[in-house]
Amino acid sequence: MKSILVTGGAGFIGSNFVPFFVEKYPDYHIVNFDKLTYAADLKNVEECQVKENYTFIKGDIVNRDDVESVFKKYDIRGVIHFAAESHVDNSIAGPQAFIETNIVGTFNLLEVARQHWMEKPHQVKSGYEECRFHHISTDEVYGSLGETGYFTERTAYAPNSPYSASKASSDFLVRAYHHTYGMNVTTSNCSNNYGPKQHGEKLIPTIIRKCLSHENIPIYGDGKNVRDWLYVLDHCRAIDAIFHKGKSGETYNVGGHNEKNNLEIVEVICSYLNKVLPLEKGKYQDLITFVKDRPGHDKRYAIDATKLESELKWYPEETFETGIVKTIDWYIHLYQK
């Protein structure tokens, strides 16, 4: 049974990916390696604990000994790397953790994988020819778009926050390990994910939580910042396709074809809650309040996923209209337990 290391498998995207992967590939041993920071929750992968092809290891990718130990113990033959500090506001207030986890942590994983899989540059150890390192990144490395245009895999990097700068750095490390050492790597840059299991600090869970507690809903600036929204399980399917069928050394952009500004997001959520959980007086939209914009807030992101769609035949299965209902229903159940 081939062991696949999934870093950050108790975080938002990782905890959606791990059960999907464990179920789909019973011949893989999935090793979930997570530090269990505030943004992680093992309850989100509890259904995997009874599976014979699943193991959880608490560890920190910044700690080289932790990484080496798990590679040696389980003879890791593939890496799917989610683990990252990812909240922009937190990176503005305290960037050091982002540098350590996103840059140093990614370096540790790459270097340990290289030593475990390769004899020397461009020469793979016998039996390790199929080993692959897949790195999950973000569209924020590309900076900000105007009112038109899309990010493609050829878009120049222009990160505008400590978070996006740290992710850009990690992307470049992955690229360098392919070109310098011949490591089998792939990278994906995704748009904003939404769906079940996301930490409450993020926009959509915050809107839902504030509505359910009848508190003011904070919206940055004028609420016109645009993001391309991707349902998390569609992202998991894309990662699966890239890990198994993507071309070594290549980057693939993953987007949901769902451009929405923050005001549109809050309107959709409030309108749905008005139907399923109406207030005694007024509407949920009455809770919307505008707050000071974050420093360096990028105006618009939008992904062109043509390469992924044409080469690997991946397409999102959820529209925003279907995905957001599943998401809101999940959070209603969570917050009203």
Side-chain angles (χ1 to χ4, degrees), residues 1-11 13-37 40 42 45 48-49 51-84 101-137 170-171 173-178 180-188 236 239-246 248-249:
M1 185 177 286
K2 182 164 70 172
S3 291
I4 307 295
L5 181 68
V6 178
T7 70
I13 305 173
S15 67
N16 279 277
F17 180 81
V18 165
F20 160 79
F21 217 58
V22 165
E23 187 69 29
K24 185 172 181 180
Y25 297 102
D27 55 332
Y28 288 173
H29 176 208
I30 309 303
V31 181
N32 181 359
F33 185 81
D34 198 294
K35 185 181 177 181
L36 297 182
T37 66
L42 279 179
V45 289
C48 297
Q49 294 175 5
K51 301 289 187 177
E52 293 184 358
N53 65 325
Y54 172 79
T55 300
F56 172 75
I57 301 293
K58 184 177 181 180
D60 185 355
I61 60 173
V62 177
N63 186 321
R64 178 71 170 265
D65 291 340
D66 284 358
V67 178
E68 289 179 343
S69 175
V70 76
F71 265 80
K72 183 177 180 180
K73 182 174 181 179
Y74 296 101
D75 188 20
I76 298 300
R77 299 298 182 102
V79 175
I80 300 175
H81 177 35
F82 292 97
T101 298
N102 299 353
I103 302 177
V104 177
T106 300
F107 164 73
N108 283 340
L109 286 165
L110 285 165
E111 183 62 7
V112 172
R114 180 181 73 83
Q115 293 183 3
H116 195 74
W117 299 342
M118 305 191 71
E119 294 283 1
K120 60 183 180 180
H122 300 276
Q123 183 176 326
V124 181
K125 292 179 180 178
S126 177
Y128 290 81
E129 292 84 1
E130 301 301 317
C131 294
R132 165 162 285 182
F133 187 110
H134 180 67
H135 174 59
I136 290 94
S137 189
S170 65
D171 292 5
L173 281 171
V174 174
R175 173 186 169 87
Y177 268 68
H178 174 72
T180 301
Y181 301 111
M183 267 185 66
N184 181 1
V185 306
T186 47
T187 297
S188 55
C236 294
I239 294 166
D240 178 24
I242 297 165
F243 183 71
H244 286 104
K245 298 185 294 182
S248 182

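Just so you know, residue 1 is the first one in the sequence shown, and it goes up from there.
His29 has its ring centre less than 6.0 Å from the ring centre of Tyr74. Here the two rings, on His135 and Tyr177, have centers that are 6.0 Å apart or farther. Aromatic ring centres of His244 and Tyr28: separated by under 6.0 Å. Under the 6.0 Å cut-off for aromatic ring centres, His178 and Phe133 do not qualify, their centroids lying 6.0 Å or more apart.
With rounding to the nearest 0.5 Å, the separation of OG in Ser15 from CZ in Phe82 is 9.5 Å. One finds the CG atom of Leu36 at 5.5 Å from the NZ atom of Lys58 (value rounded to the nearest 0.5 Å). For the atom pair CD1 of Ile13 and CD1 of Ile239, the computed distance is 6.5 Å after rounding to the nearest 0.5 Å. The line from OG of Ser137 to NE2 of His81 is 9.5 Å long, rounded to the nearest 0.5 Å. Rounding to the nearest 0.5 Å gives a distance of 6.5 Å between CD1 of Ile136 and CD1 of Ile80. Atoms OG and CG, on Ser248 and Asn184 in that order, are 4.0 Å from each other to the nearest 0.5 Å.
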ask   = Thr187 and His134: side chain to side chain donor-acceptor pair (under 3.5 Å), yes or no, with the steps?
value = CA-CA 6 Å; Thr187 297; His134 180 67; over 6 Å; no
- Apply side chain to side chain contact (heavy atoms under 4.5 Å, CB included) to Leu42 and Phe56, showing your working. CA-CA 9 Å; Leu42 279 179; Phe56 172 75; 3.6 Å; yes
- [ ] Before giving the answer on side chain to side chain contact (heavy atoms under 4.5 Å, CB included), spell out for Phe243 and Phe21 the whole-Å C-alpha distance, their side-chain angles and the decisive distance to 0.1 Å.
- [x] CA-CA 11 Å; Phe243 183 71; Phe21 217 58; 4.2 Å; yes
Applying side chain to side chain contact (heavy atoms under 4.5 Å, CB included), run through Lys24 and Asp240 and close with a yes or a no.
CA-CA 10 Å; Lys24 185 172 181 180; Asp240 178 24; 2.5 Å; yes
Worksheet item: Would Val79 and Ile4 count as a side chain to side chain contact (heavy atoms under 4.5 Å, CB included) if you check the C-alpha gap in whole Å, the side-chain angles of each, and the deciding distance to 0.1 Å?
Response: CA-CA 6 Å; Val79 175; Ile4 307 295; over 6 Å; no
Review point. Step by step, would you call Glu23 with Lys51 a salt bridge (Lys or Arg N to Asp or Glu O under 4.0 Å)?
Key: CA-CA 9 Å; Glu23 187 69 29; Lys51 301 289 187 177; 3.1 Å; yes
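Contact annotation: the side chain of Val31 approaches that of Ile57 to within less than 4.5 Å [non-hydrogen atoms, C-beta and beyond]. Proximity of Ile61 to Asp66: side-chain heavy atoms (C-beta onward) are nowhere separated by under 4.5 Å. Side-chain contact between Val67 and Val62 is absent, with no heavy atoms from C-beta onward closer than 4.5 Å. At a threshold of 4.5 Å between non-hydrogen side-chain atoms, the residues Asn32 and Thr55 do not count as touching. Residues Met183 and Met118 have side chains in contact (heavy-atom distance under 4.5 Å, counting atoms from C-beta outward).
For the residue pair Gly8 and Ala83, the shortest heavy atom distance occurs at N-CB, 3.7 Å. Residues Ile242 and Arg132 come closest through the heavy atom pair O-NH1, 3.1 Å. Residue Pro19 comes nearest to Cys48 through the heavy atom pair CA-SG, 3.6 Å, listed as atom of the first residue, atom of the second, then distance. Taking each heavy atom of Trp117 and Ile76 in turn, the nearest pair found is NE1-O, 2.8 Å. Taking all atoms of both residues into account, the shortest heavy-atom contact from Asp75 to Ser3 is O-CB, 4.2 Å. The two atoms that bring Ser170 and Thr106 nearest to each other are CB-OG1, 3.7 Å, heavy atoms only.
With hydrogens and angles disregarded, a donor-acceptor distance shorter than 3.5 Å links the side chain of Asn53 to the backbone of Val22. Proximity of a side-chain donor or acceptor of Lys2 to a complementary backbone N or O of Gly78 within less than 3.5 Å is not detected.
Considering Asp34, Val18, Asn16 as possible partners of Val45, the one that fulfils the side-chain contact (heavy atoms from CB on, under 4.5 Å) test is Val18.
Shown here is Lys245, whose NZ atom has more than 12 heavy atoms of other residues, nucleotides or ligands within 6.0 Å. Few gaps surround CD on Glu129; more than 12 heavy atoms of other groups in view lie less than 6.0 Å from it. Surrounding CD of Glu130 are at most 12 heavy atoms belonging to other residues, nucleotides or ligands under 6.0 Å away. Counted within 6.0 Å of CZ on Arg64, heavy atoms from surrounding residues, nucleotides or ligands total more than 12; the atom is thus considered enclosed.
With a 6.0 Å cutoff to the six-membered ring centre and a 45° limit on the axis angle, Arg77 counts as a cation-pi contact of Tyr128.
Looking at Glu68 and Lys72, no side-chain N of the basic residue comes within less than 4.0 Å of a carboxylate O on the acidic one, giving no salt bridge.
Residues satisfying the salt bridge (Lys or Arg N to Asp or Glu O under 4.0 Å) test with Asp171, not counting sequence neighbours, are none.
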